[in-house]
Trainee: 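Here it is, the structure in full.
So you know, we letter chains A, B, ... as the sequences are listed, proteins then strands, and number each from 1. Only this structure's heavy atoms are used, side chains among them; waters, hydrogens and symmetry mates stay out.
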Protein chains: 2
Amino acid sequence: MPRNGTDLKPRILAEARKILLEDGYTALSTRRVAGEVGCTAAAIYHYFENKDALLHALIDEGFELLHDRLEAVPKGEGHLRGLCAAYVDFSSANPEFYEVMFHLHPTQMERYPVERYRAQRDYLALLGNAINVSRQESAHSPHSALRAATLVWSTLHGAISLHQAMRIDKSLRGPDLLDDAIRLAMRAVEISPLPSQPGISS
Amino acid sequence: MPRNGTDLKPRILAEARKILLEDGYTALSTRRVAGEVGCTAAAIYHYFENKDALLHALIDEGFELLHDRLEAVPKGEGHLRGLCAAYVDFSSANPEFYEVMFHLHPTQMERYPVERYRAQRDYLALLGNAINVSRQESAHSPHSALRAATLVWSTLHGAISLHQAMRIDKSLRGPDLLDDAIRLAMRAVEISPLPSQPGISS
DNA sequence: TAGGGCACTAAACAGTGATAACTTATCAGT
DNA sequence: ACTGATAAGTTATCACTGTTTAGTGCCCTA
């Protein structure tokens, strides 16, 4: 029952996505979206509870993109490595999506339902499966696989985060760090989830 | 030459630090700082070029804190592990400092001089030294040490980032992830900085 | 054709960073 | 001691931001 010809909601979403991808998260304002769509900022609040809900919808899109990317990785030999590479590729190809998906703190998006992140995180299950396969003994508990998968994820995320925030040294090439992180993430499988022994490692 | 008794600059800085530590980065506004200091928001601009410059001063404090923490780690056996643990400890003890130091993107702080991060990053040199010592052959190039140190750093940062952003699964304990990350970071030393061989890992 | 509800607008509120113009206090030089 | 320059603020304003409230007009149904 739109008054304006086409329904406004998809157009709002499309324009918001365009702004996010072209000019980044900081450029995404309700008034600008409204301006480019051709309506008032208040109209957005008919379709989204608040600005965070709009951003939330974009984050959902990002998770779907990531999901498709990871699902497309051929299974079998080298599956885990492929998943890691695909994750890093996604972050490089869609830095703006990656930022809003993983980099915004709850303090910056107060009303954002944190649970939704967890629900979307089936890529952790994907990682967990690949890890269980790559492990010699398949007698590991699901919790152990989830824990290892989280470590893999966090390793990749750390490199991506520093790379995107331009924190790494000029003399270091960003892709090199990402490659190193992938190689290191592979070793995360070997980290034993036993109670941490306080001895000296090496 | 203060008109108001005490010089305003340190009081602005102190109040800003208090707000940052108590209510977080998002609560830090020029007007609130001014209000609690007892001056006008415009007065801040006499002592700091802009809000980012004020935050910049706080970030400097954070780097000094981190520096002291890392310098206090006893050298010798287990130095690298001690540095990693100290880094993680710092992030847990000062999450607000950690956020503004490492989590704010340049897009969020446009005018922030990125170079300054690099100048402050002597902890990378500390890590590099510890890595060179822990390595059997000391014939590694400085670039290799820096690269390995960056990988160690990024591994720790990834776990800290996800932990602080509350992105890790409910069934997983945050400290466990941080411990795992430290253990994995130790293995970063073994990652060869050679051109990546496309073979299958394990 | 009358009524009701949906889709939207206009206007405003409270807050943000930032700037220009103005006032006032302090200090140096004569 | 007086004058002038400068430092140290204030006041007022601009251009934004997210969000809410009240009101308007169109469309569909009865």
Side-chain angles (χ1 to χ4, degrees), chain A residues 1-20 22-59 99-100 104-113, chain B residues 1-20 22-59 99-100 104-113:
Chain A
M1 336 314 196
R3 195 155 88 205
N4 228 0
T6 60
D7 199 8
L8 216 53
K9 183 164 182 177
R11 288 171 56 204
I12 290 173
L13 218 43
E15 213 58 53
R17 185 189 319 115
K18 193 178 167 194
I19 293 170
L20 175 68
E22 285 181 2
D23 295 342
Y25 165 66
T26 49
L28 188 66
S29 80
T30 58
R31 278 180 169 84
R32 176 159 170 200
V33 170
E36 305 219 36
V37 159
C39 66
T40 316
I44 296 177
Y45 289 80
H46 260 250
Y47 298 98
F48 300 93
E49 192 185 348
N50 46 39
K51 189 200 173 187
D52 284 357
L54 171 57
L55 188 58
H56 187 229
L58 292 180
I59 291 176
E99 180 179 356
V100 295
L104 290 185
H105 277 55
T107 57
Q108 294 174 288
M109 298 188 44
E110 209 133 18
R111 279 172 298 267
Y112 194 92
Chain B
M1 338 317 197
R3 193 156 89 204
N4 228 0
T6 60
D7 198 9
L8 215 52
K9 183 165 181 175
R11 288 172 57 204
I12 289 173
L13 218 42
E15 212 58 54
R17 185 188 320 114
K18 193 177 167 195
I19 293 170
L20 175 68
E22 286 181 0
D23 295 342
Y25 165 66
T26 49
L28 188 66
S29 78
T30 59
R31 279 179 169 83
R32 176 158 171 200
V33 169
E36 305 220 35
V37 158
C39 67
T40 317
I44 296 177
Y45 290 82
H46 263 249
Y47 298 99
F48 301 92
E49 193 184 347
N50 46 39
K51 190 200 172 188
D52 284 356
L54 171 58
L55 188 57
H56 188 229
L58 293 178
I59 290 176
E99 181 179 356
V100 295
L104 290 185
H105 277 54
T107 57
Q108 293 174 288
M109 298 187 45
E110 211 132 21
R111 282 171 297 265
Y112 193 92

Trainee: Give the rounded distance in Å between these two atoms: NE2 of A/His46 and P of D/dT20.
Mentor: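 Result: 12 Å.
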Trainee: Once you round it to whole Å, what is the distance between C1' of D/dT21 and OH of A/Tyr45?
Mentor: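 Rounded to whole Å, this separation is 14 Å.
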Trainee: Students often get this wrong, so: under 4.0 angstrom with heavy atoms, is A/Ile44 touching a base, only sugar-phosphate, or nothing?
Mentor: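 Nothing: the residue A/Ile44, judged by heavy atoms under 4.0 Å, touches no strand.
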Trainee: In this structure, how many angstroms lie between the P atom of D/dT19 and the CD atom of A/Glu49, rounded?
Mentor: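 For the pair A/Glu49 CD and D/dT19 P, the rounded distance is 9 Å.
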Trainee: What integer distance in Å separates A/Ile19:CD1 from D/dT17:C1'?
Mentor: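 Answer to the nearest Å: 14 Å.
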Trainee: A/Arg32 CZ to D/dT17 P: how many Å, rounded?
Mentor: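 That distance rounds to 9 Å.
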Trainee: How long is the line joining NZ of A/Lys9 and P of C/dC6, in whole Å?
Mentor: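 Rounded to whole Å, this separation is 16 Å.
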Trainee: Mind checking salt bridge (Lys or Arg N to Asp or Glu O under 4.0 Å) for B/Glu36 and listing every partner two or more places apart, or none if nothing turns up?
Mentor: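 Testing B/Glu36 for salt bridge (Lys or Arg N to Asp or Glu O under 4.0 Å), a comparison that skips the adjacent residues, returns B/Arg32.
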Trainee: When all nucleic acid strands are considered with a 4.0 Å heavy-atom cut-off, which category describes B/Leu54: base, sugar-phosphate, or nothing?
Mentor: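 Since no nucleic acid heavy atom lies under 4.0 Å of B/Leu54, the category is nothing.
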Trainee: Once you round it to whole Å, what is the distance between P of D/dG9 and CG of B/Leu8?
Mentor: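 Between P of D/dG9 and CG of B/Leu8: 5 Å.
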Trainee: Of all residues at least two apart in sequence or in a different chain, which pass the side-chain contact (heavy atoms from CB on, under 4.5 Å) check with A/Phe48?
Mentor: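 Listed in chain order: A/Lys9, A/Ile12, A/Leu13, A/Ile44, A/Ala53, A/Leu54, A/Ala57.
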Trainee: Hey, does the side chain of B/Tyr47 come within less than 4.0 Å of D/dA7's phosphate (OP1/OP2), counting only N and O?
Mentor: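 It does not, given that no N or O in the side chain of B/Tyr47 lies less than 4.0 Å from OP1 or OP2 of D/dA7.
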Trainee: Look for any protein N or O under 3.5 Å of an N or O in nucleotides 11-15 of chain C and output each such pair with its distance, or none.
Mentor:
unit_1	atom_1	unit_2	atom_2	d
C/dA12	N6	A/Arg31	NH2	3.2

Trainee: Please name the pair of heavy atoms, one in B/Asn50 and one in B/Tyr45, separated by the smallest distance, quoted to 0.1 Å.
Mentor: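 Taking B/Asn50 first and B/Tyr45 second, the nearest heavy atoms are CA-CE2, 3.8 Å.
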Trainee: Nearest-Å distance, CG (A/Leu55) to C1' (D/dG18)?
Mentor: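 For the pair A/Leu55 CG and D/dG18 C1', the rounded distance is 13 Å.
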Trainee: How close do B/Leu8 and B/Ala43 get, counting heavy atoms only, and between which atoms?
Mentor: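 Looking at all heavy atoms of both residues, the closest pair is CD2-CB, 4.4 Å.
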Trainee: Could you tell me the separation between the CG atom of B/Leu28 and the CD atom of B/Glu15, rounded to the nearest 0.5 Å?
Mentor: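 Reported to 0.5 Å precision, the distance equals 10.5 Å.
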Trainee: Given that B/Ala43 and A/Leu28 both sit by DNA chain D, which one's nearest nucleotide is further toward the 5' end?
Mentor: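 Its nearest nucleotide being more 5', the pick is B/Ala43.
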Trainee: Going by heavy atoms in the side chains, are A/Val100 and A/Leu58 under 4.5 Å from each other?
Mentor: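 They are not in contact (no side-chain heavy atoms under 4.5 Å apart), so the answer is no.
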Trainee: Taking all non-hydrogen atoms of both residues, which atom of B/Ala34 and which atom of B/Ala41 are closest, and how far apart?
Mentor: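 So the minimum-distance heavy-atom pair works out to CB-N, 3.4 Å.
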